[in-house]
Participant: 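Quick one: structure below, then a few questions.
Just so you know, these numbers come straight off a predicted model, no measurement behind them. In what follows, every heavy atom counts, from backbone to side chain, and hydrogens, waters and symmetry copies are set aside.
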Amino acid sequence: MLSTKINDMINTQINWEFWSGYLYLAMANHFESVGRKGLANWFRIQYREEFDHALIFINYVHARGGKVTLAPIAEVPQTWDSPLQAFAHTLEHEQAVTRRVHELYALAEAEHDIATRQMLNWFVAEQVEEEESAQQIIDNLTLVGEDGTGIFQIDTELGQRTYSVPAPLAGKA
Ligand code: MG
């Protein structure tokens, strides 16, 4: 059985994951509307992954006999000035998510909730990847600057990203 404190914090995290998905879907829509199909593809996959993250937490709450509470999803921005601005926003947002995951981990540690710590290990590693990939794209965008050919190449590369079901949801979703 989950403690009320951990259950509540996971419910907050579930809302954060859905909000993240909403944010990235808005970015996908924005880039679709300005003809950057590769960026739109990247953000659409990112949106699916965030909804997957929410489902992983939801499954975990059920497995531990807790209660899932779905709160309203707050509004997200709808436009960004440039690909670089969107990815800077992405990195900043992922850093905030990382802090939340670490706070949840610290609570699980304080309460000697070993199972929650174990479940969170996947998210700790996932956040390292999220920050690394956003930073990598920022570096590439910074390198090419306003160069149209460079932007075109990055857009093409991001268009090749494909979706795969995260390990904790394999055979479950
Ligand atoms: Mg996430």
Side-chain angles (χ1 to χ4, degrees), residues 2 5-28 31 38-61 63-64 73-74 76-77 80 82-144 153-155 157-173:
L2 284 174
K5 224 170 155 184
I6 290 184
N7 196 150
D8 287 351
M9 204 164 167
I10 294 179
N11 277 328
T12 302
Q13 190 64 32
I14 289 167
N15 189 262
W16 263 71
E17 299 294 346
F18 279 128
W19 192 85
S20 303
Y22 225 50
L23 174 70
Y24 297 137
L25 186 56
M27 288 183 181
F31 287 113
L39 281 133
N41 172 68
W42 195 92
F43 280 112
R44 194 174 273 229
I45 290 167
Q46 194 70 6
Y47 136 75
R48 293 181 72 179
E49 284 194 354
E50 298 306 337
F51 273 51
D52 285 344
H53 295 167
L55 280 175
I56 295 166
F57 280 116
I58 287 170
N59 289 346
Y60 179 72
V61 171
R64 293 289 309 280
I73 303 171
V76 293
W80 288 267
S82 65
L84 184 57
Q85 196 204 17
F87 277 100
H89 189 178
T90 297
L91 179 60
E92 189 188 315
H93 177 65
E94 288 304 329
Q95 286 166 339
V97 173
T98 300
R99 281 195 295 276
R100 294 241 165 194
V101 168
H102 290 185
E103 281 167 18
L104 191 46
Y105 193 99
L107 176 65
E109 243 178 1
E111 292 195 6
H112 306 292
D113 184 340
I114 313 295
T116 297
R117 270 177 43 190
Q118 170 97 342
M119 179 275 295
L120 287 171
N121 281 336
W122 186 85
F123 283 97
V124 171
E126 174 68 12
Q127 286 310 118
V128 171
E129 278 183 33
E130 296 281 28
E131 289 187 28
E132 186 186 14
S133 63
Q135 185 63 61
Q136 180 68 58
I137 298 165
I138 287 171
D139 291 346
N140 290 344
L141 286 167
T142 306
L143 193 68
V144 302
Q153 278 175 353
I154 291 170
D155 190 61
E157 188 195 319
L158 299 183
Q160 282 158 9
R161 183 182 185 188
T162 54
Y163 170 79
S164 58
V165 178
L169 280 187
K172 286 186 180 173

Participant: State whether the side chain of Trp80 and the backbone N or O of Met27 hold a donor-acceptor pair below 3.5 Å, judged by distance alone.
Facilitator: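 Not a single qualifying donor-acceptor pair exists.
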Participant: Just wondering, do Ile10 and Ile14 contact through their side chains at under 4.5 Å, heavy atoms?
Facilitator: yes
Participant: Hey, could you give me the CG/CD1 distance between Leu143 and Ile138, rounded to the nearest 0.5 Å?
Facilitator: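 Rounded to the nearest 0.5 Å, the CG-CD1 separation comes to 13.5 Å.
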Participant: For a quick test of reading the model, state the closest non-hydrogen atom pair linking Ala108 to Ile6 and the distance between them.
Facilitator: CA-CD1, 3.9 Å
Participant: For Phe31, check ring pair (Phe, Tyr, Trp, His ring centres under 6.0 Å) against everything at least two apart and list the hits.
Facilitator: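 Phe31 satisfies ring pair (Phe, Tyr, Trp, His ring centres under 6.0 Å) with Phe43 once adjacent residues are dropped.
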Participant: Could you tell me whether the side chain of Leu23 reaches within less than 4.5 Å of the side chain of Gln46, counting heavy atoms only?
Facilitator: no
Participant: Sequence neighbours excluded, which residues qualify as ring pair (Phe, Tyr, Trp, His ring centres under 6.0 Å) partners of Tyr47?
Facilitator: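 Phe51.
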Participant: Residues in side chain to side chain contact (heavy atoms under 4.5 Å, CB included) with Asn140, at least two apart?
Facilitator: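 Gln136, Ile154.
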Participant: In Å and rounded to the nearest 0.5 Å, what is the CG to CG distance from Asn11 to Asn7?
Facilitator: 5.0 Å
Participant: Minimum heavy-atom separation for Asn41 and Gln160, please, with both atom names.
Facilitator: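 Shortest heavy-atom separation between Asn41 and Gln160 comes out as ND2-N, 4.2 Å.
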Participant: Under the rule for side chain to side chain contact (heavy atoms under 4.5 Å, CB included), what residues qualify as partners of Tyr163, not counting sequence neighbours?
Facilitator: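 Here the qualifying residues are Ile45, Arg48, Asp52, Val165, Pro166.
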Participant: For residues Tyr22 and Val76, report the shortest heavy-atom separation together with the two atoms involved.
Facilitator: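 Reported closest heavy-atom pair: O-CG2, 3.8 Å.
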Participant: Give the C-alpha distance, both sets of side-chain angles, the deciding distance and a yes or no for side chain to side chain donor-acceptor pair (under 3.5 Å) between Glu17 and Gln13.
Facilitator: CA-CA 6 Å; Glu17 299 294 346; Gln13 190 64 32; 3.0 Å; yes
Participant: Not counting sequence neighbours, which residues clear side chain to side chain donor-acceptor pair (under 3.5 Å) with Glu111? List them please.
Facilitator: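 Per chain and number, Glu111 pairs via side chain to side chain donor-acceptor pair (under 3.5 Å) with Ser3.
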Participant: So does Thr116 get a backbone contact from the side chain of Tyr60, meaning a donor-acceptor N/O pair under 3.5 Å?
Facilitator: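 Yes: the side chain of Tyr60 pairs with the backbone of Thr116.
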Participant: Quick one: does Asn59's side chain get under 4.5 Å of Lys172's, heavy atoms only?
Facilitator: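 Sidechains of Lys172 and Asn59: in contact.
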Participant: What's the shortest heavy-atom distance between Pro77 and Ala26, and which atoms?
Facilitator: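 Looking at all heavy atoms of both residues, the shortest contact is O-CB, 3.4 Å.
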Participant: Can you pull the salt bridge (charged side-chain N to carboxylate O under 4.0 Å, His left out) pairs that have at least one residue in residues 84-107, sequence neighbours excluded?
Facilitator: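 For residues 84-107: none.
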Participant: Distance from Leu158 atom CG to Ile137 atom CD1, nearest 0.5 Å?
Facilitator: 5.0 Å
Participant: What distance do Ser20 atom OG and Ile73 atom CD1 have between them, rounded to the nearest 0.5 Å?
Facilitator: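 Reported to 0.5 Å precision, the distance equals 10.0 Å.
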Participant: What is the ring orientation for His93 with Trp16, classed by angle as parallel under 30°, tilted 30 to 60°, or perpendicular over 60°?
Facilitator: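 If you compare the ring of His93 with that of Trp16, the planes turn out parallel.
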Participant: Within the supplied structure, the quantity of interest is the number of heavy atoms (other residues, nucleotides, ligands) at a distance under 6.0 Å from Glu132 CD; does it exceed 12?
Facilitator: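 12 or below, so no.
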Participant: Would you compute the distance between atom CE of Met119 and atom CD1 of Ile56 and round it to the nearest 0.5 angstrom?
Facilitator: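 One finds 9.5 Å between CE of Met119 and CD1 of Ile56.
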Participant: How would you list, by chain and number, every residue that makes a side chain to side chain contact (heavy atoms under 4.5 Å, CB included) with Asn121, sequence neighbours excluded?
Facilitator: Tyr105, Gln118
Participant: Of the non-hydrogen atoms in Leu2 and Val61, which two are nearest, and what is the gap between them?
Facilitator: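 Looks like CD1-CA, 4.1 Å.
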Participant: Can you pull out every salt bridge (charged side-chain N to carboxylate O under 4.0 Å, His left out) where at least one residue sits in residues 113-129? Sequence neighbours excluded, please.
Facilitator: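 Qualifying pairs: Arg64-Asp113.
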Participant: For Ala88, which residues count as a side chain to side chain contact (heavy atoms under 4.5 Å, CB included) partner, sequence neighbours excluded?
Facilitator: none
Participant: Quick one: list whatever passes side chain to side chain donor-acceptor pair (under 3.5 Å) with Thr90, sequence neighbours left out.
Facilitator: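 So Thr90 forms no side chain to side chain donor-acceptor pair (under 3.5 Å) with any residue.
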Participant: Between Trp42 and Ser133, is any pair of side-chain heavy atoms under 4.5 Å apart?
Facilitator: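 Yes, side chains in contact.
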Participant: Excluding sequence neighbours, so at least two apart, what forms salt bridge (Lys or Arg N to Asp or Glu O under 4.0 Å) with Arg161?
Facilitator: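 Expected list: Glu49.
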Participant: Sequence neighbours excluded, which residues qualify as ring pair (Phe, Tyr, Trp, His ring centres under 6.0 Å) partners of Phe123?
Facilitator: His53, Phe57
